[in-house]
Amino acid sequence: MDIELTYRDDGQFLIDCGDVHRALALWLEQSWSETSFQEQLNKAMQPEYLPISISGPEFFAYIDEQEILVFANNGSGEVDIDEAIYEIQDASAACGYDDFVHLVKYIISA
C-alpha cells in the first residue's frame with residue numbers, strides 16, 4: 001500500500017493511501033488528535049485485545065485479527081455490530097488487519 005501524508009498549517013494531516021482504504025484514512029484523519037482514540041488504536045494493534053470496537057461521533061470501527069470494518073456512525077452513538085457487519089457494503093469500507101497495522105505504524109513513525 002502506498003501511503004502519503006500531507007501536513008496542513010493547522011496541525012491536521014491528510015492521508016492518501018488510495019481509494020480502497022479511503023474510509024480508513026478519513027477515520028484516522030478525523031480522530032487521530034484525540035488521546036483516547038490513540039489509546040484505543042494502541043490496544044487494537046495488540047492481538048490479545050481483539051476483537052475491539054472503536055466508536056466516535058462520525059465513525060465506528062470493528063477490528064479483529066483478520067480485518068477492520070469502518071463505517072459512518074448512525075448518529076445515535078450506539079451500534080449493533082451484527083447489523084453493522086451485515087450492512088457494511090452500503091456505507092463503509094473494509095481492509096485487511098495487516099494493512100491497518102501498516103498504516104497506523106507509518107503514521108506513528110512519520
So CZ of Phe59 and CZ of Phe37: to nearest 0.5 Å the spacing works out to 10.0 Å
In the structure I gave you, are the side-chain heavy atoms of Asp16 and Ile3 within less than 4.5 Å of one another anywhere? no
Do the side chains of Tyr49 and Ile63 get nearer than 4.5 Å, heavy atoms only? no
Leu14 vs Tyr7 side-chain heavy atoms within contact, under 4.5 Å: no
If you apply the rule side-chain contact (heavy atoms from CB on, under 4.5 Å), what do you find for Cys17 with Asp2, and how did you get there? CA-CA 6 Å; Cys17 58; Asp2 292 331; over 6 Å; no
Those residues at least two apart in sequence (or on a different chain) that pass salt bridge (charged side-chain N to carboxylate O under 4.0 Å, His left out) with Asp10 are Arg8
Do Ile107 and Trp32 have side chains that get closer than 4.5 Å, going by heavy atoms? yes
Atom pair CG/CD of Leu24 and Glu29 - distance to nearest 0.5 Å: 10.0 Å
Distance col, row Met45:CE vs Lys105:NZ, nearest 0.5 angstrom, shows 5.0 Å
Rounded to the nearest 0.5 Å, how far does CD of Gln40 lie from OG of Ser55? 8.5 Å
Just wondering, do Ile15 and Leu28 contact through their side chains at under 4.5 Å, heavy atoms? yes
Side chains of Leu41 and Phe100 in contact at under 4.5 Å (non-hydrogen atoms): yes
Reported CG-to-CD distance for the pair Asp98 and Gln66, which is rounded to 0.5 angstrom: 10.0 Å
Interatomic distance, Trp27 atom CH2 to Ile68 atom CD1 [nearest 0.5 angstrom]: 4.0 Å
Looking at side-chain heavy atoms only, is the closest gap between Glu48 and Lys43 below 4.5 Å? no
Is Tyr97 close to Leu50 at the side-chain level, that is, under 4.5 Å between some pair of heavy atoms? yes
